[in-house]
Amino acid sequence: MSHDTVYQRLRSHLAYLKLPAAAEALAGKLDHAEKAKPSYTAFTEDLLATEVEATERRRLAGRLRFSHFPVIKRLEDFDFDAQPGLDRRLVEELATLRFVEEKANVLMVGPPGVGKTMLALALGYRAIEAGYRVYYTTAADLAARCHKAAIEGRWATTMRFFAGPQLLICDELGYLPLQAEAASAIFQVVSRRSEQGSVIVTTNRSIASWGEIFDDQMMAAAILDRFLFKATLLAITGDSYRMRAHRERLQQLREGVAATLER
Ligand code: ADP
Ligand code: MG
């Protein structure tokens with residue numbers, strides 16, 4: 001049997017087994033092996049590693065697409081010095097993703113612009129990289145989706161959808177006051193997920209004022225009870241990062257003007 005025939009059969013095996021990256025790389029790797037003479041084991045491992053890497057990349061891309069992240073944020077880019085009041089060790093502990101493993105929640109509280117969304121997305125990205133399914137939504141969108149689902153008779157499917165991901169990011173709770181129906185939808189999502197998966201909630205409202213977010217003290221208490229049962233509180237109290245950057249810019253501008261006038 002000629003070499004070509006064995007080669008062709010090997011290629012068709014790889015195609016049949018749906019290992020396209022290995023099939024693609026085969027000719028090049030064989031050429032290289034002629035010279036480098038790796039062991040059989042090393043050659044096989046190297047060929048299959050090509051496929052494993054391609055599969056991992058594809059799955060990561062799939063989880064990213066699914067996540068609906070508005071933007072990719074990385075923890076490495078978070079400027080902790082700008083936020084001295086933030087418990088950095090707590091953020092690093094969260095970044096180990098033990099909270100996802102334990103199906104625990106995270107509540108990020110702070111005024112606008114302090115990096116709540118960035119931190120939630122950065123932790124979410126870590127989770128996606130680690131192989132978890134993550135889904136991002138704002139509280140307003142979540143409520144609107146549930147409302148639409150109820151009208152269209154897809155309530156159960158939608159509840160199942162929001163219960164599915166191992167980590168749900170519910171951003172901007174409290175930016176808009178929620179009607180009773182919206183509050184009830186959030187309550188149901190949070191209840192269904194409790195003990196099943198994690199939720200990161202970001203909000204600009206202190207826990208004390210949740211009664212106003214939901215316009216219903218009982219509902220607020222019920223949601224808090226479920227949510228805080230197993231939750232880490234991350235308080236970010238500092239200055240808005242953008243305002244800080246603006247102020248620095250302004251300061252530089254002033255210094256520049258002053259320097260020009262002195263000349
Ligand atoms: P919030 O959700 O608390 O309103 P964001 O996360 O949207 O704030 O932050 C506003 C902008 O400033 C974003 O572009 C974010 O990436 C950036 N930002 C905020 N805090 C930091 C920080 N500590 N380091 C780097 N960028 C930051
Ligand atoms: Mg935000």
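Along the sequence shown, residues are numbered consecutively beginning with 1. Both counts, for ligands and for their atoms, begin at 1 and track the order of listing.
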Centroid separation F78 to F80 less than 6.0 Å: yes
On a heavy-atom basis, I'd like to know which of T117, I236, T202 is closest to atom 7 (O) of ligand 1. T117
Option nearest atom 4 (O) of ligand 1 (shortest heavy-atom distance, choices A122, P70, G113): G113
Decide, counting backbone as well as side-chain atoms, whether M118 has an N, O or S atom less than 2.8 Å from the Mg ion (ligand 2). no
P112: heavy atom below 4.0 Å from ligand 1, yes or no? yes
Any K73 heavy atom less than 4.0 Å to ligand 1: yes
Location of contacts on Q83 toward ligand 1, heavy atoms closer than 4.0 Å: neither
Can you find a side-chain donor-acceptor pair between T138 and D171 that sits under 3.5 Å? no
Would you say S194 and R226 are linked by a side-chain donor-acceptor pair, where the criterion is simply a distance under 3.5 Å? no
Can you label the angle between the W210 ring and the F227 ring as parallel, tilted or perpendicular, going by 30° and 60°? tilted
If you count the non-hydrogen atoms of other residues, nucleotides and ligands that lie under 6.0 Å from CD in E129, is the total more than 12? yes
Near D77, which atoms of ligand 1 are under 4.0 Å from a heavy atom of that residue? 24 (N), 25 (C)
With M108, which of V201, I169, L123, L86 fulfils side-chain contact (heavy atoms from CB on, under 4.5 Å)? L123
